[in-house]
Amino acid sequence: MPELPEVETTRAGIEPHLLGQTVAAVEIRQPRLRWPIDPKLPRLLKQQRIEQVGRRGKYILIQVGDGTLILHLGMSGSLRITDPTLPMRKHDHAVMTLSGGKQLRLHDPRRFGALLWWEGDPADHPLLAKLGPEPLAPDFDGAYLHNASRHRRVSIKPFIMNSQVVVGVGNIYANEALFLAGIHPGRSAGRISRQRHDKLAISIQQVLRKAIRYGGSTLRDFVREDGQPGYFSQHLHVYDRAGEACSRCGTDIRKATLGQRSTFYCPRCQR
DNA sequence: ACTGGCTCCTGAGGGC
DNA sequence: TGCCCTCAGGAGCCAG
């Protein structure tokens, strides 16, 4: 399930294949994603030169001459760079053929992803305008988290998963970061001290940086642009480890539901 | 202004 | 072997 590390792994993987290339053709095979793909997209992109492959939160931004292709992988999406002769797979919903001959294919079985066209500054797009800071940027720290959480009663886990608070932290890394910080996922965000928010901000950055180094986490279907899985899954301390011994104290990892999401934590290490 | 619940979708996995 | 059920989840949207 693509969170920031998986999206960044994908972005960095496709970037060298796209930069400076021209879009030769775009084929929409299944327009019904989270929002319908604009039928004009192939025409809008044709002959456009790819100038930048960026990222904002979990959105990949492919900037061409006249605008930006905004791409979200949802929970089951992946992008691959392939040879055009490779047969299409089920759920290959959109295909971009590049001037150099390779193809960029969007594969997304659950179709929670999105492929949108935007002319103008991507930061002004309604989906991006209200996003919180990037967790790996200097403006994200304990002071910010502490300030943003005052008088908020929501549990800390859904709080850090809220993209208006900070982008890119999904269920896996929220669980992991709270474990590293020793904070119980159900604790009210507004009742966490400045010092513990410092530790949480650092833990979020640590777990995301490390996951990016390992190419993200592959649980079910995430693959990199070359089809390889990510290798961070084996470094997860609590996620999907209910009943296993805590790596720090040996207590059984517990599973609970918080904000309709599976939550894993060590009842002894996390308070 | 917040908060929690619902929703989209398909495939994996478990029970019988 | 096959069928049915449950669960997984990003994030917009809505009601209270």
Side-chain angles (χ1 to χ4, degrees), chain A residues 1-11 29-37 55-61 70-79 88-94 106-116 118 122 125-135 145 147-177 185-192 204 208 211 216-223 229-230 232-233 236 238-243 255-264:
Chain A
M1 14 237 90
E3 299 183 33
L4 192 144
E6 292 75 31
V7 176
E8 177 55 25
T9 295
T10 299
R11 188 208 65 78
R29 297 161 49 85
Q30 166 58 276
R32 294 177 58 229
L33 300 191
R34 169 118 202 222
W35 295 281
I37 300 177
R55 179 186 60 75
R56 176 74 175 102
K58 297 175 190 169
Y59 294 92
I60 291 175
L61 308 173
I70 300 177
L71 204 153
H72 196 288
L73 298 175
M75 78 156 282
S76 62
S78 57
L79 289 173
M88 290 292 168
R89 291 180 305 158
K90 194 179 178 184
H91 307 305
D92 279 344
H93 302 320
L106 171 64
H107 180 85
D108 185 5
R110 275 160 229 189
R111 292 199 267 127
F112 282 15
L115 198 54
L116 303 163
W118 183 251
H125 190 280
L127 290 174
L128 306 189
K130 288 193 218 162
L131 294 180
E134 288 287 331
L145 269 186
N147 185 49
S149 62
R150 288 313 85 186
H151 310 298
R152 296 289 298 267
R153 286 180 308 178
V154 67
S155 298
I156 187 65
K157 179 163 170 273
F159 181 74
I160 58 172
M161 288 174 68
N162 180 344
S163 62
Q164 295 191 26
V165 172
V166 57
V167 296
V169 183
N171 200 32
I172 298 171
Y173 299 110
N175 278 301
E176 293 300 307
R187 182 168 287 274
S188 205
R191 292 181 170 272
I192 291 173
I204 289 172
L208 294 178
S217 303
T218 295
L219 296 169
R220 281 196 189 78
D221 39 19
F222 173 73
V223 289
F232 189 67
S233 318
L236 298 173
V238 287
Y239 185 81
D240 210 15
R241 295 198 185 281
K255 178 177 181 178
T257 299
L258 210 57
Q260 298 88 238
R261 291 289 175 271
S262 333
T263 301
F264 302 89

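Keep in mind it's a predicted model, so treat the numbers as computed, not measured. Lettering follows sequence order; numbering is per chain, from 1.
- The distance from atom NZ of A:Lys157 to atom P of C:dG10 is 9 Å, rounded to the nearest whole Å.
- Considering only side-chain N and O atoms, A:Arg110 lies nowhere under 4.0 angstrom from the phosphate OP1 or OP2 of C:dA8.
- Distance, A:Leu73 CG to C:dA8 C1': 17 Å, rounded to whole Å.
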How far apart are the C-alpha atoms of A:Phe112 and A:Ser76, what are their side-chain angles, what is the distance that settles it, and do they pass the side chain to side chain contact (heavy atoms under 4.5 Å, CB included) test? CA-CA 7 Å; A:Phe112 282 15; A:Ser76 62; 5.9 Å; no
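- When atom types are taken as modelled, the side chain of A:Arg150 and the backbone of A:Gly190 share a donor-acceptor pair closer than 3.5 angstrom.
- In this structure the side chain of A:Leu4 reaches within 4.5 angstrom of the side chain of A:Pro135, judged on heavy atoms.
- When distances run from any side-chain atom of A:Met161 to the nucleotides B:dG11, C:dG10, C:dG9, the shortest one goes to C:dG10.
- Of the side-chain N and O atoms in A:Ser262, one or more sit less than 4.0 angstrom from OP1 or OP2 of C:dA8.
- Atom CG of A:Asn175 and atom P of C:dG10 are 11 Å apart (whole Å).
- Residues forming a side-chain contact (heavy atoms from CB on, under 4.5 Å) with A:Arg29 (at least two apart in sequence, or on another chain): A:Glu27, A:Met88, A:Asp92, A:Val95.
- Residue A:Lys90 places at least one side-chain N or O under 4.0 Å from the OP1 or OP2 atom of B:dG11.
- Regarding A:Ile156, its CD1 atom lies at a distance of 15 Å from the C1' atom of B:dT3, rounded to whole Å.
- Between A:Pro5 and A:Tyr173, the closest side-chain pair of non-hydrogen atoms falls below 4.5 Å.
- Stacking here means ring centres nearer than 5.5 Å and ring planes tilted less than 30 degrees, and by that measure A:Phe112 does not stack onto C:dA11.
- At its two ends the helix from B:dC2-C:dG16 to B:dC16-C:dG2 runs along axes set 50° apart, each axis drawn from five pairs and the angle rounded to 10°.
- For C:dG10, the OP1/OP2 oxygens have no side-chain nitrogen or oxygen of A:His72 closer than 4.0 Å.
- The NE2 atom of A:His125 sits 14 Å away from the P atom of C:dA11 (whole-angstrom rounding).
- Residues forming a side-chain contact (heavy atoms from CB on, under 4.5 Å) with A:Arg32 (at least two apart in sequence, or on another chain): A:Gln30, A:Arg111.
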Is there a salt bridge (Lys or Arg N to Asp or Glu O under 4.0 Å) between A:Glu8 and A:Arg55 once you walk through the steps? CA-CA 7 Å; A:Glu8 177 55 25; A:Arg55 179 186 60 75; 2.8 Å; yes
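- Residues A:Leu33 and A:Leu106 are in side-chain contact: their nearest non-hydrogen atoms beyond the backbone lie under 4.5 Å apart.
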For nucleotides 4-6 of chain B, give me every protein contact, N/O to N/O, under 3.5 Å, one pair per line with atom names.
residue	atom	partner	partner atom	Å
B:dG5	OP2	A:Gln260	OE1	3.1
B:dG5	N7	A:Gln260	NE2	3.4

Check nucleotides 12-16 of chain C against the protein and report each pair of N or O atoms closer than 3.5 Å, with its distance, or say if there are none.
residue	atom	partner	partner atom	Å
C:dG12	OP1	A:Tyr59	OH	3.2
C:dG12	O4'	A:Arg34	NH2	2.8

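- The separation between A:Ile172 atom CD1 and C:dA8 atom C1' is 11 Å, rounded to whole Å.
- Of the possible polar contacts, one joining the A:His93 side chain to the A:Asp108 backbone as a donor-acceptor pair under 3.5 Å is found.
- Not one N or O on the side chain of A:Asn175 forms a donor-acceptor pair closer than 3.5 Å with the backbone of A:Tyr239.
- A heavy-atom distance below 4.5 Å is found between the side chains of A:Lys157 and A:Thr263.
- Taking atom NE2 on A:His91 and atom C1' on B:dG11, their separation rounds to 8 Å, with Å as the unit.
- Applying the side-chain hydrogen bond (donor to acceptor under 3.5 Å, both in side chains) rule to A:Arg56 yields the partners A:Glu134; only residues at least two apart in sequence or on another chain are considered.
- Nucleotide C:dA8 holds its P atom 9 Å from the CG atom of A:Asn171, rounded to whole Å.
- In this structure, A:Lys255 reaches the sugar-phosphate backbone alone: every heavy-atom distance under 4.0 Å involves primed, P, OP1 or OP2 atoms, never a base.
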